[in-house]
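Structure first, commentary second.
In listed order, ligands and their atoms are each counted from 1. No experiment lies behind these values; they were computed from the predicted model shown.
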Amino acid sequence: MPDQYLTDAQALRQQLIDWRRDFHRHPELGFQEHRSAGIISGRLRALGYRVQTGIAKTGVVGLMEGKQPDPVVMARFDMDALPITEENETDYASQNPGVMHACGHDGHMAMGLGVATLMAQRRDELWGTFKIVFQPGEEGMNGAELMVSEGVLKNPRPDVFLATHVWNNKPAGTVDVTPGAVMAAAEKWDCVVQGKGGHGAAPEQTTDPIVATAQIVTALQTIVSRNVDPLETAVVSVGSLHGGDAFNVIPPQVELNGTIRTFNPQIRELVLRRMGEIIEGVARACGAQIDLKITPLTPAVVNDVETAGVVRAAAEAVVGAENVTTDERTMGSEDAAFFMREVPGCYFFLGSANPERGLDAPHHNPRFDFDEAVLPIGVAILMRTLAHYLLDSKAAE
Ligand SMILES: [Zn+2]
Ligand SMILES: [Zn+2]
């Protein structure tokens with residue numbers, strides 16, 4: 001017997017596809033999601049949600065209250081597109097030149113509206129409070145952080161957080177629910193190595209920042225290979241390196257920057273500390289000065305073990321246990337972490353690739369597209385999870 005929540009979501013299938021394609025045709029960059037937010041807030045109001053707009057510029061929050069206030073479960077869907085020119089030639093391709101839903105957030109908005117619709121249909125069964133959040137500016141803009149600072153986690157404070165991402169790294173029909181860390185903490189680092197410039201033929205009169213920088217880049221490689229526990233994970237990358245303009249001149253300074261990715265907060269502390277010690281120490285050995293700035297971008301996305309267990313059971317009911325994995329992790333980052341460091345939750349991956357139909361380009365690629373058949377699956381998993389926390393009866397269980 002098919003899962004009741006999947007049956008309900010399948011009944012919305014065409015509507016989900018229509019919503020998704022409409023959002024896909026009209027992609028909007030982070031914090032400019034005015035059209036998308038307008039459609040969403042209008043829909044939520046029509047469904048009877050108490051709606052707040054303009055949070056973190058273009059964010060939308062809907063509240064639906066049941067027979068008692070607790071528990072409060074928050075589901076979050078991101079809305080922004082990317083500055084990419086779409087190369088797909090579908091009839092729903094982007095009509096906004098240079099902007100494209102190349103990450104699947106169009107599908108997230110459609111699933112959000114689907115969940116909002118099905119929760120409204122079950123309003124009589126609602127026991128706690130359902131908080132549905134449509135977030136702007138996920139793509140490197142930390143819209144989630146801005147939403148938190150504007151009070152999205154207050155009035156009422158959620159007890160559980162849920163989010164999902166369509167995921168072309170996995171086939172459609174599969175789902176991954178991994179307990180613990182699933183996406184990495186990210187920092188950006190910038191460094192200036194200051195020496196003393198001079199004639200390329202008279203190095204003894206200079207402090208050569210190029211030689212110092214070359215040793216710094218090499219020495220940084222020992223953080224991951226020699227300092228981090230081999231069973232842990234970390235990335236230290238140099239992303240840009242600039243110094244000098246002429247072949248016969250030793251420049252006064254070199255500028256370099258890069259990124260650091262970690263899952264475990266202790267490993268993160270270790271990497272940050274060693275980064276400073278190595279750059280400082282090597283520069284001093286070369287007689288150069290350094291100015292190092294490490295900017296935290298996003299914390300790690302860490303799934304609460306208990307919540308992940310509930311989502312996993314829901315996923316198994318919807319797609320079958322054989323189609324649920326528990327080992328997907330990526331060094332990419334995701335600003336849902338700003339919600340998840342305050343509220344226990346689960347962020348799961350909704351497999352969405354269909355290579356036979358050519359729907360398997362990677363995320364952020366100009367040919368990205370995904371199998372829309374997964375939209376009802378995502379809705380059903382979220383609904384079944386919400387039912388666990390918020391609905392009287394988990395229908396047909
Ligand atoms: Zn993305
Ligand atoms: Zn994304």
Q | Atoms of protein origin (N, O or S) under 2.8 Å from the Zn ion (ligand 2) | A | C103 SG, H105 NE2, H165 NE2
Q) Is the closest basic N to carboxylate O distance between R21 and E372 below 4.0 Å? A) yes
Q) Do you know which N/O/S atom name in H364 is closest to the Zn ion (ligand 1)? A) NE2
(Q) Treating S352 as the side-chain partner and F370 as the backbone partner, does any N or O pair qualify as donor plus acceptor under 3.5 Å? (A) no
Q: Please name the residue in the list N168, T330, V166 that meets the side chain to side chain contact (heavy atoms under 4.5 Å, CB included) test with F349.
A: T330
Q) Going by distance alone, is a donor N or O of one side chain under 3.5 Å from an acceptor N or O of the other, for Y92 and D369? A) yes
Q: Indicate whether the side chain of D208 and that of T206 have a donor and an acceptor atom separated by less than 3.5 Å.
A: no
**Q.** Crowding at CD, E306 (>12 non-hydrogen neighbours, <6.0 Å)
**A.** no
